[in-house]
2 protein chains.
Amino acid sequence: MGTIDKALSLLDFFSESQSEIGLSDLARMAGYDKATVLRLMTALADRGFVEQNVKTRDFRLGPALLRLAHIREATLPQRASARPILERMSQESGETVHLLLLGRNHLETIDFIETSAHAMRVYMDAGERIPLHASASGLACLAHMPARDAERALSGALKSYTDHTITDPAEILSRLDDIRETGIAEIDRGFEDDVYGMAAPVFASDGRVTGAVGIATPCSRVTAAFRQTAHAIIRQAANDITRAWGGVAPEGQVAGTAA
Amino acid sequence: MGTIDKALSLLDFFSESQSEIGLSDLARMAGYDKATVLRLMTALADRGFVEQNVKTRDFRLGPALLRLAHIREATLPQRASARPILERMSQESGETVHLLLLGRNHLETIDFIETSAHAMRVYMDAGERIPLHASASGLACLAHMPARDAERALSGALKSYTDHTITDPAEILSRLDDIRETGIAEIDRGFEDDVYGMAAPVFASDGRVTGAVGIATPCSRVTAAFRQTAHAIIRQAANDITRAWGGVAPEGQVAGTAA
DNA sequence: GTTGTTCGGTTTAATATTTGAACCGCTGGT
DNA sequence: ACCAGCGGTTCAAATATTAAACCGAACAAC
């Protein structure tokens, strides 16, 4: 594993629930020697990617991330342009909604809105990169990427997050046809217990899948009627976000027409 | 120069005016071999820090930055809590206002508001890290950090950005007493031609300077009356932001009392 | 007050990673 | 048709990184 990969992997340990981490803790979490972690974090700090609390010596994410994220959003306002659509989804569905972008082999949550309609709700912690095989958004992306890319993404050991996570590539691949046809991916407790996920793909201007938008709800609130309503909301949002981003759904695969 | 530093330095070439950069261009800009740059960018892409346009093969900043910036802001909402204060500054001053955080030896712009009162205005491109010696915000920080830290920050060759950039450390250090006394740093064309900058420091909870807030205006609009008005606006804003962030100005150094 | 544990941080011989010149096929401009 | 420059690959040589052992400090338990 390269040095850059090691260093950047350290940033993934930070989350909303764990915003400050000490040297020894981080070394344990990462599985590297303290000396190694200190050198990697010092390099990140020199460039503003992390900063160190002067008093407690704990590390936290740094201001360079704000600056670069600002540049990214200023030049490609995906989050801003999708936000009204997420707000509409949130109001219409009454559940937590989220928007993710597709990375090399994972998804990055770039925005989400927690429902305010229920006290018991699905909370998104953006700290984790989302796996493709264990999330509705991931399956939505797998279903609409070239078959070879999907197979490659499912090679290697797939992590089990709950007792319900499907980790057999053949089983996952067999579900992708149905997802393509309906335009909606659904996962029951694949990534987190008691959470039911539904998502649809968002496409780029060249017709490739670039992300997904979805709804996450406690299993107890999932009824047939709710699923039907949610499908329509998600499809509409996916189409609207694709259009807002200047994207185009690939031919023969317009999300939602099979409904 | 370490590998991590090399890789992260590549991200600094991206700006709002240059959001997509090809491999050869980036290699020239960075002064590294193309093979080196490709390897570094591939490592960054694998972690979502950059992504590569499928068609043009150009690189741009990636979604991981959005995710991590979101975590940072969710756990330490500096940008969000300062935004109303910046909006007030913008309205009261009629000029471009900006907010920066102090890194190891530079400043990161985390928010700014361009004036809408004038067609001819100072535009901030957040792409660059701001030097301490050549900016009003930088001088404001230098003036309020421990003297030893300031001297260390001014060691080494200081870059000249315009014909007016002061690069003699002794001259810069001699101006810091006055800045401490008035609470306001001012620079005339130190970083960019025709731009006059004024700024005041923002403090953290331990009394250390953590950033700065300022106004940037075309030199042609700088009058004695405007400067006086601007000083009051900046002082108020610096105090308000310090308070909003749970900070406290150090004893004997409350920004603005000397006015 | 004493003892033990764990913290952040340093050192450096051993080990691993990175580098970049030369090369390739492709593309666009002339 | 030709040429320049693109993105990308290769691998011997060069450079950087690693982590075990160690340190002083701080805190908790007794």
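A note on names: the letters A, B, ... follow the listed sequences, proteins ahead of strands, and every chain is numbered from 1.
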Phosphate OP1/OP2 of D:dC6 contacted by B:Arg57 side-chain N/O (<4.0 Å): no
How far does the helix from C:dG1-D:dC30 to C:dT30-D:dA1 bend, going by the axes of its first and last five pairs, to the nearest 10°? 50°
Name the orientation class of the two ring planes belonging to A:His133 and A:Tyr161 (parallel below 30°, tilted from 30 to 60°, perpendicular beyond 60°). tilted
Tell me whether the count of non-hydrogen atoms from other residues, nucleotides or ligands lying under 6.0 Å of CZ in B:Arg175 goes above 12. no
Residue whose nearest DNA chain C nucleotide is more 5′ - A:Ala35 or B:Ala35: A:Ala35
For D:dG8, does the base pair up with any side-chain atom of B:Lys34 as donor and acceptor (N or O, under 3.5 Å, distance only)? yes
In Å and rounded to the nearest 0.5 Å, what is the CG to CZ distance from B:Leu101 to B:Arg79? 11.0 Å
Tell me: CG of B:Leu44 to P of C:dT18, nearest whole Å? 12 Å
Could you tell me the separation between the CG atom of A:Asp33 and the P atom of C:dT10, rounded to a whole number of Å? 14 Å
Rounding to a whole Å, what distance do you find between B:Tyr32:OH and C:dA21:C1'? 18 Å
Should A:Arg47 and B:Asp5 count as an ion pair when the cut-off is N to O under 4.0 Å? yes
Output side-chain donor-acceptor pairs under 3.5 Å for residues 34-46 of chain B, partner residues at least two apart or in another chain, one line each.
from, atom 1, to, atom 2, distance (Å)
B:Thr42, OG1, B:Leu38, O, 2.7
B:Asp46, OD1, A:Arg104, NH1, 2.5

Does B:Arg28 make a side-chain N or O approach to OP1 or OP2 of D:dC6 shorter than 4.0 Å? yes
Can you tell me the distance, in whole Å, between the CG atom of B:Leu40 and the C1' atom of C:dT18? 9 Å
Residue B:Thr3, side-chain heavy atoms: nucleotide from C:dT18, D:dG7, C:dG9 that is nearest: C:dT18
Would you mind telling me which of A:Asp168, A:Leu154, A:Leu142 makes a side chain to side chain contact (heavy atoms under 4.5 Å, CB included) with A:Leu173? A:Leu154
How close or far is atom P of D:dC27 from atom NZ of A:Lys55, stated in whole angstroms? 13 Å
Can you find a side chain N or O atom of B:Lys6 that sits less than 4.0 Å from OP1 or OP2 on C:dT19? yes
A:Trp245 and A:Thr210: side-chain donor and acceptor closer than 3.5 Å? no
Which nucleotide, D:dT9, D:dT18, D:dG7, lies nearest any side-chain atom of B:Leu38? D:dT9
Figure out the CD1/C1' separation between A:Ile4 and C:dT17, and round it to whole Å. 10 Å
Phosphate OP1/OP2 of D:dA19 contacted by A:Thr36 side-chain N/O (<4.0 Å): yes
If I take atom CZ in residue A:Arg39 and atom C1' in nucleotide D:dA16, what distance separates them, rounded to the nearest angstrom? 7 Å
Provide, to the nearest angstrom, the distance between the CG atom belonging to B:Asp58 and the P atom belonging to D:dC6. 11 Å
